[in-house]
Protein chains: 2
Amino acid sequence: MTDDRRSAGAPTLEDVARAAGVSRATVSRVINGVRNVDPAIQEVVRQAVSVTGYAPNRAARSLVTRRADAVALVVSGAGVEAEAGVGAEAAARSGAGGGPRATAGGGGSFTAQVFADPFFGRVVTGVVDYLRPRGVHPVLMFAETSRARDEVVAYLRQGSADGALVVSTHAEDPLPGLLTEAGLAAVLFARPARPVPISYVDLAHQDGARLAAEHLLARGCRRLATISGPLDVPAGRARLTGFRDTLARQGHAYIPVAEGRFTQESGEVAMERLLVEHPDLDGVFAANDLMATGACHVLREHGRRVPEDVAVVGFDDSSAALACRPPLTTVRQPVEAMAAEMARLLLDRPPGPSSPATSVIFEPELVVRASA
Amino acid sequence: MTDDRRSAGAPTLEDVARAAGVSRATVSRVINGVRNVDPAIQEVVRQAVSVTGYAPNRAARSLVTRRADAVALVVSGAGVEAEAGVGAEAAARSGAGGGPRATAGGGGSFTAQVFADPFFGRVVTGVVDYLRPRGVHPVLMFAETSRARDEVVAYLRQGSADGALVVSTHAEDPLPGLLTEAGLAAVLFARPARPVPISYVDLAHQDGARLAAEHLLARGCRRLATISGPLDVPAGRARLTGFRDTLARQGHAYIPVAEGRFTQESGEVAMERLLVEHPDLDGVFAANDLMATGACHVLREHGRRVPEDVAVVGFDDSSAALACRPPLTTVRQPVEAMAAEMARLLLDRPPGPSSPATSVIFEPELVVRASA
DNA sequence: TTGAAAGCGCTAACAT
DNA sequence: ATGTTAGCGCTTTCAA
């Protein structure tokens with residue numbers, strides 16, 4: 001069903017111009033909605049476009065506009081692999097233990113882990129909803145190794161994308177540094193652990209943890225404990241600090257802590273440990289919903305009723321909070337809105353070579369359900 | 001820290017050529033690893049590249065090579081919105097319930113729903129692992145409305161991507177048809193409901209359901225029921241058929257069915273209904289792990305022990321199977337391998353305008369854990 | 001083996 | 001308001 005095309009390839013502006021009896025420039029103006037085109041001619045051109053089945057060639061357009069209308073959506077992690085400034089010793093380890101394929105084991109488990117948390121899906125939702133009406137497309141990239149990070153930088157330097165939206169899963173992530181060093185546009189989800197002059201959106205984690213603490217206290221809990229996130233992740237640390245500080249101010253000097261890794265399983269392990277060491281606890285704050293879900297499972301297995309015997313508060317208000325039995329009382333993080341703001345910061349930045357870094361902090365909110 | 005660049009922009013081939021004292025063509029040959037370049041000159045060029053900090057401009061390259069080195073990774077659904085092309089009757093349903101914005105409610109909940117199922121993360125993992133070593137990047141797109149589908153087609157027609165990898169969530173999805181009509185390269189995950197000349201990978205769903213049925217029978221279950229997937233999804237229908245047929249052959253003529261929608265919540269609702277109508281059942285096959293998880297919750301709430309009182313078998317072997325209490329016995333679908341094969345089919349196709357459609361069917365495998 | 005030169009399809013001055 | 005023209009940065013014949 002290919003239309004009458006003179007040459008073999010797809011129709012070009014030239015073809016449309018010929019069909020419409022005007023110049024390439026006029027066709028271009030109509031297509032890009034530039035003013036100063038006679039309405040009658042506009043109509044003729046539109047006809048010619050649909051007759052020829054013309055679609056503008058993106059590469060040609062990008063070449064002259066210097067925009068890709070794409071952004072890299074990067075999920076970044078501190079290297080499991082060896083780190084180094086430029087990556088000298090990274091090469092050393094890479095020889096050992098690798099399977100036949102370059103990215104097999106490591107890449108697989110990293111991406112799997114990323115998607116296991118409902119959090120990332122919400123980020124994508126927020127980003128896509130913002131980008132779509134603006135005609136910008138997200139290119140999915142994972143930067144969990146030194147090499148993968150270099151590829152992200154190279155990709156941006158080639159002009160394949162107009163900037164990067166980076167979701168860092170660990171502190172000590174070198175990517176933000178690499179990006180700013182290379183003078184590339186980027187916005188982070190969450191403040192970088194090492195101070196880097198780069199824009200980001202984040203949540204007032206301590207305030208969120210405070211809400212959880214106050215709710216548990218108001219409920220009458222007196223023997224509290226917490227399952228923290230990884231302490232090398234700023235968010236994990238901030239939630240712990242906020243929880244502890246609030247309780248300390250209310251006279252609870254010592255709070256048992258078990259460190260988790262934001263996975264359901266780590267939440268189970270942590271809960272087991274807390275229960276062994278403090279069998280009489282009556283309230284738990286888990287630093288995310290996945291760990292809270294794991295905690296609920298373990299509590300029930302040990303004959304504790306939630307919330308009657310032990311109250312549980314989660315964090316995030318992800319889909320896991322609703323899926324849990326009982327549904328989790330949790331601290332809501334407006335991930336979609338934060339992700340949209342991240343995209344906005346990237347796209348709306350002034351055209352200059354490097355605009356000043358901006359940060360936007362969102363406030364959490366307590367959502368009361370059945371678990372506490 | 002920008003290097004000494006003559007002009008304002010990034011260094012070009014011209015700059016490198018000048019620095020190396022050779023022609024643009026030679027630099028291009030070195031960069032693209034084309035043979036016939038003097039080793040000494042190669043070295044000089046490489047020096048010049050690193051001195052100038054050169055990175056090839058992707059748009060310029062794409063313009064001449066006619067490849068984008070990108071593929072669209074499309075999550076597609078039947079249109080909630082009005083349909084135009086092939087699907088006339090789809091429009092009928094669409095009138096009601098539309099929000100003011102085109103992509104808002106529908107789009108948001110659609111993406112959220114997509115990521116709620118661990119399935120999609122596994123697809124991404126498989127695809128990315130295959131694409132990455134080949135220097136190809138996935139552009140994430142959602143095609144849940146008529147308009148969004150048109151945008152996918154337009155995107156490909158612009159040459160922004162070399163083809164599409166399509167994960168369809170519903171039958172009656174018009175996208176495969178639109179794609180082949182436009183002569184665009186695409187591979188589907190799962191056979192299209194309406195026959196379309198297009199390549200795809202799929203699972204032998206009926207065989208999987210048979211494995212589940214045989215396992216439940218071998219365990220001694222005699223009063224079986226099933227929570228099916230949506231019956232307008234071929235996979236949902238095939239799993240039901242496979243389960244029913246196997247049991248029928250063993251003398252079980254009637255099997256209670258409750259239809260779910262592949263979500264945990266729908267699994268809960270379905271299980272409630274089955275329990276009301278058949279309180280004495282002793283075995284359940286759920287058409288995916290999410291619904292199986294929901295079923296386990298409901299069974300426990302009704303005082304049934306899993307697997308002692310009621311055995312439960314899931315489908316997929318997703319992360320939900322391990323997260324469930326008890327861990328699910330389930331039918332493994334090798335999603336990552338299937339996704340990688342999908343990418344391979346797209347990339348390895350002969351360069352001609354339209355190669356013949358190929359399909360690759362994978363075999364499922366029973367994974368026995370605690371739930372049955 | 002290397003260089004010169006012709007475009008790829010588009011936008012954006014500039015000229016009319 | 002429309003047309004002419006000069007590139008954007010790269011690959012790739014074709015000559016040398």
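Below, chains carry the letters A, B, ... as their sequence lines are ordered, and counting in each starts from 1. Since the model is a prediction, treat every value here as computed from it, not as a measurement.
- Listed by chain and residue number, A:A25, A:T26 satisfy the side chain to side chain contact (heavy atoms under 4.5 Å, CB included) test with A:S23 (two or more places apart in sequence, or in another chain).
- Straight-line distance from the CZ atom of A:R24 to the P atom of C:dA12: 14 Å, rounded to whole Å.
- When the local axes at the two ends of the helix from C:dT1-D:dA16 to C:dT16-D:dA1 are compared, using 5 base pairs at each end, they differ in direction by 40° after rounding to 10°.
- With a 6.0 Å cutoff to the six-membered ring centre and a 45° limit on the axis angle, A:R134 counts as a cation-pi contact of A:Y130.
- Partners of A:V44 under the side chain to side chain contact (heavy atoms under 4.5 Å, CB included) rule, at least two apart in sequence or in another chain, are A:A20.
- Applying the salt bridge (Lys or Arg N to Asp or Glu O under 4.0 Å) criterion to B:R35, with sequence neighbours excluded, gives no partner residue.
- In this view, A:E43 and A:R46, A:Q47 satisfy the side chain to side chain contact (heavy atoms under 4.5 Å, CB included) rule, not counting sequence neighbours.
- For residues 63-71 of chain A, proximity to DNA chain D is found at A:L63, A:V64, A:R66, defined as any non-hydrogen atom under 4.0 angstrom from a strand atom.
- Residue pairs meeting the ring pair (Phe, Tyr, Trp, His ring centres under 6.0 Å) criterion with at least one member in residues 133-152 of chain A, sequence neighbours excluded, are A:H137-B:Y155.
- Side-chain contact between B:Y200 and B:L345 is absent, with no heavy atoms from C-beta onward closer than 4.5 Å.
- Remark: B:R157 does not engage B:E151 in a salt bridge, criterion side-chain N to carboxylate O under 4.0 Å.
- Here C:dG9 presents its C1' atom at 13 Å from CD of B:Q158, a figure rounded to the nearest Å.
- For B:R58, the salt bridge (Lys or Arg N to Asp or Glu O under 4.0 Å) partners at least two apart in sequence or on another chain are B:D69.
- Atoms CG (A:N57) and C1' (C:dT11) sit 13 Å apart, rounded to a whole Å.
- When DNA chain D is scanned 5' to 3' for any atom under 4.0 Å from a heavy atom of chain B, the first and last hits are D:dG9 to D:dT13.
- Contact of the B:N32 side chain with the B:R29 side chain is not registered, since no non-hydrogen atoms from C-beta on lie closer than 4.5 Å.
- Here the side chains of B:S76 and B:E144 are not in contact, with every heavy-atom distance at 4.5 Å or above.
- With sequence neighbours excluded, no residue satisfies salt bridge (Lys or Arg N to Asp or Glu O under 4.0 Å) with B:R66.
- Within residues 26-43 of chain B, the residues that have a heavy atom under 4.0 Å from DNA chain C are, in order of number, B:T26, B:R29, B:N36, B:V37, B:D38, B:I41.
- A sub-4.0 Å separation between OP1 or OP2 of C:dG3 and a side-chain N or O of B:S23 is present.
- For B:E14, the salt bridge (Lys or Arg N to Asp or Glu O under 4.0 Å) partners are B:R24, not counting sequence neighbours.
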